[in-house]
Amino acid sequence: MRTLNLVFLLIQMVILSSCQTPKPNIVFLLADDYGWNDIGFHGSRQVKTPFLDKLANEGVILNNYYVSPLCTPSRAALMTGRHPVRTGLQYYVIEAGQRLGVPLNYKLMPEYLNDLGYESHIVGKWHLGFFHRNYTPTYRGFKSFYGYYMGHNDYFDHHDYEGPPVDRNWWGLDWHYDQDMTLTDVYSDFGVYSTRVFARRAGGIIAQHDFESKPLFLYVPFQSVHTANYLTDPLQVPQDTEFQFPYIWDNRRRKYVGNVYEMDVAVSNIYRALESRGVLDNTIIVFSTDNGGAPNGYDSNYGSNFPLRAGKGYFFEGGARGVGFVWGDVFKKRSGEVSMDLMHVSDWMPTLYEAAGGSVGKLGDIDGHSLWPVLTGVNRTCPRSEVLVNLNPVLNSKAIKVGKYKYLLNPYDRWDADYDNWFKAAGDEPFSFEEMLPNTTQAQIWCGEVPTDIDTKCHSKITGLDECVFDIESDPCEYYNLVDEPQFKQVKEDLLKRVEYWEGLQVDPLIPGYDALGNPKYQNNVFKPWTTDPRIPPNGL
């Protein structure tokens, strides 16, 4: 009798395990410095993104989605589920020679997913620290890494020109294949466009992965559409691709659009690789930018965030409101929707962890919310009601959005430039590089003609501060500053209370100085880990 019961129990266990839904494969595609108006589903008639538009329109477009205005902070939030003000990475980006990275006491997304049985790989740009090997991707949960450690790179020769402000002559290779904690420099891709290299590598991972034994987490942070190194040509695209856009009169914008198109083709190739393995029906694809586009020569680039205000490095919508969507069979209840559910880049970690079958409560003290029930249509009540854009105590710049209202103080962040020019760069002819037509797609934001009386300095006559309050729901282009309007006095006070709350949680920004030993000339002209001391030094050292 005992034997029969045991046999019956084993049969039940086999039946139960065979009925369980397998964990989904997760492919996270991250664009770099991608402009709001540089994708078809936001209304651009100039940029060609047929495959990204196809996926977005079959999935759920995220039109109320926020990222950090700069790349390292966004990537840190993505990987940790914590706002950059909680990890000390809120000030700027990690630069060559800095002994800086995501502090080692924070567990990253691939490590959490690996605990659930995933195998994790990264292809592309890291930008989360490499001064010591413990900060590199294969020491932080990824089985393999193919790409570059720093913030930008040459698309063809894969070398970079970076270094401390007092010595910009650091030059070296930044191209690596790291496997199972073995770090290897790669020279064989010289002359091959990086976007094509990444698509080929991602396809190879998909082709070789054993989907029967474990689900795949594939993170593809593209180099596109960031500029290349600044020593030679910062705008790089294969000539045959550039020539597909002869109708674009400005050759700089033409190269940028070609760069976007190369990324679209790469996404298509990654999709086809998944399709050839027969795993699309159990795959989640996420597409996101890390921050807004860099327009009109800013950072030597020519993106467009029209009609959103400003761009990369600024706390206005053009810098922090991100292009994004999700795709997959699991989203079929909301397929074709343009979601206005409020979301922040830190939400991806708990959202994808829950999608993978994990309990969000095990993630500890994070700032992200799981939007998994919301995105899949199971529960349409969004758990997020506010987004902290950033606090930068060094420059006393702040921005927060609560509900439909947004408060900004000194919103220029790192670059306090001539803002009149940056505003034009974001949205007025001829700086937007194309004539826009209203309401051409369901996901387009349209604010009408740019008013002539805009407060470009975001200034309060009452306080004398460069501050503003916007109703983002009715004024997503941030045309009308309400900060001095009597009826919005309480709104401003409520927003400032939430700023104070976050100021109570933030840690001091990590701003170590530059270590001369990080110069690639000491590492055979290669940017790679250079110290045996994994500690992040005090600021200024």
Side-chain angles (χ1 to χ4, degrees), residues 26-31 34-67 74 78 220 222 224-225 260 263-264 267-268 270-271 280 283-293 303-308 317-318 320-348 351-352 355 369-384 387 401 404 436-447 472-473 476-477:
I26 300 170
V27 178
F28 198 107
L29 309 170
L30 186 69
Y34 195 27
W36 179 268
N37 184 39
D38 292 329
I39 196 161
F41 66 75
H42 277 162
S44 176
R45 298 182 302 134
Q46 186 183 69
V47 181
K48 303 302 180 185
T49 52
F51 201 81
L52 287 169
D53 292 340
K54 164 186 155 57
L55 292 183
N57 289 316
E58 291 175 354
V60 182
I61 295 173
L62 308 175
N63 251 32
N64 200 13
Y65 168 53
Y66 286 81
V67 292
S74 273
L78 169 65
V220 186
F222 287 106
S224 307
V225 288
V260 172
M263 180 173 63
D264 188 79
V267 172
S268 173
I270 293 170
Y271 178 94
L280 279 176
T283 296
I284 296 167
I285 297 177
V286 179
F287 182 86
S288 170
T289 185
D290 63 347
N291 48 251
S304 173
N305 300 300
F306 183 88
L308 301 184
E317 294 292 278
R321 194 163 182 167
V323 178
F325 65 81
V326 293
W327 179 95
D329 283 357
V330 71
F331 305 112
K332 59 186 176 183
K333 284 186 178 180
R334 300 193 64 184
S335 177
E337 284 192 30
V338 177
S339 171
M340 292 305 295
D341 299 301
L342 186 61
M343 189 172 188
H344 184 256
V345 63
S346 63
D347 296 332
W348 287 119
T351 297
L352 296 176
H369 299 270
S370 174
L371 270 72
W372 184 244
V374 176
L375 294 175
T376 56
V378 174
N379 183 345
R380 298 302 291 267
T381 302
C382 182
R384 179 175 284 282
V387 162
K401 179 185 175 186
K404 66 178 183 176
M436 293 299 298
L437 299 178
N439 306 318
T440 56
T441 70
Q442 61 174 343
Q444 184 177 6
I445 288 177
W446 183 259
C447 301
I472 299 299
E473 187 175 293
C477 301

* To do: Applying side chain to side chain donor-acceptor pair (under 3.5 Å), run through Ser339 and Tyr65 and close with a yes or a no.
  => CA-CA 9 Å; Ser339 171; Tyr65 168 53; over 6 Å; no
* Distance-minimising heavy-atom pair for Thr289 and Gly322 -> CG2-CA, 3.6 Å
* Asked: Lys48: what forms a side chain to side chain donor-acceptor pair (under 3.5 Å) with it, not counting sequence neighbours?
  -> none
* Report the C-alpha distance between Val387 and Leu342 in whole Å, list the side-chain angles of each, state the deciding distance to 0.1 Å, and finish with yes or no for side-chain contact (heavy atoms from CB on, under 4.5 Å). => CA-CA 8 Å; Val387 162; Leu342 186 61; 3.8 Å; yes
* To do: Please test His344 against Leu371 for side-chain contact (heavy atoms from CB on, under 4.5 Å), starting from the C-alpha separation and ending with a verdict.
  => CA-CA 10 Å; His344 184 256; Leu371 270 72; over 6 Å; no
* Sole residue of Asn63, Thr440, Thr441 in side chain to side chain donor-acceptor pair (under 3.5 Å) with His42 -> Asn63
* Structure fact -> Glu473 meets the salt bridge (Lys or Arg N to Asp or Glu O under 4.0 Å) criterion, sequence neighbours left out, with none
* To do: Walk me through it: do Asp347 and Thr351 pass the test side chain to side chain donor-acceptor pair (under 3.5 Å)?
  => CA-CA 6 Å; Asp347 296 332; Thr351 297; 6.0 Å; no
* To do: Please check if the side chain of Ser44 supplies one atom and the backbone of Val47 the other of a donor-acceptor pair under 3.5 Å.
  => yes
* To do: Kindly write out the residues that satisfy side chain to side chain donor-acceptor pair (under 3.5 Å) with Gln442, not counting sequence neighbours, or none if the list is empty.
  => none
* To do: Tell me, with the steps shown, if Ser74 and Asp290 meet side chain to side chain donor-acceptor pair (under 3.5 Å).
  => CA-CA 6 Å; Ser74 273; Asp290 63 347; over 6 Å; no
* **salt bridge (Lys or Arg N to Asp or Glu O under 4.0 Å) involving Asp341 - partner list, sequence neighbours excluded** => Arg334
* Shortest non-hydrogen contact between Ser370 and Pro383, atoms and distance -> O-CG, 3.7 Å
* Mind checking the CD1-CD1 spacing from Ile472 to Ile445? Nearest 0.5 Å is all I need. => 9.5 Å
* Asked: In chain order, what residues pass the disulfide bond (SG atoms under 2.5 Å apart) check against Cys382, with sequence neighbours excluded?
  -> none
* Specify whether Phe325 and Phe287 have parallel, tilted or perpendicular ring planes, treating 30° as the upper limit for parallel and 60° as the lower limit for perpendicular. => parallel
* Write down the atom of Asn305, the atom of Gly35, and the distance for their closest heavy-atom approach. => OD1-CA, 3.3 Å
* Do the ring centers of Trp348 and Phe28 come within less than 6.0 Å of each other? -> yes
* Could you grab the distance from atom CG of Leu352 to atom CD1 of Ile26, nearest 0.5 Å is fine? => 5.0 Å
* **Contacts of type side-chain contact (heavy atoms from CB on, under 4.5 Å), residue Lys333, not counting sequence neighbours** => none
* **Closest non-hydrogen atom pair, Gly43 against Asn37** => C-OD1, 4.3 Å
* Asked: So, the side chain of Asn57 versus the backbone of Gly336: is there a donor-acceptor pair under 3.5 Å, distance only?
  -> no
* To do: Give the C-alpha distance, both sets of side-chain angles, the deciding distance and a yes or no for side-chain contact (heavy atoms from CB on, under 4.5 Å) between Tyr66 and Glu317.
  => CA-CA 9 Å; Tyr66 286 81; Glu317 294 292 278; 2.6 Å; yes
* Asked: Which heavy atom of Thr381 sits nearest a heavy atom of Val374, and at what distance?
  -> O-CG2, 3.5 Å
* To do: Considering non-hydrogen atoms only, spot the tightest contact between Leu62 and Val326 and give its length.
  => CD1-CG1, 4.5 Å
* side-chain contact (heavy atoms from CB on, under 4.5 Å) between Val338 and Phe41: does it pass, once the steps are laid out? -> CA-CA 10 Å; Val338 177; Phe41 66 75; over 6 Å; no
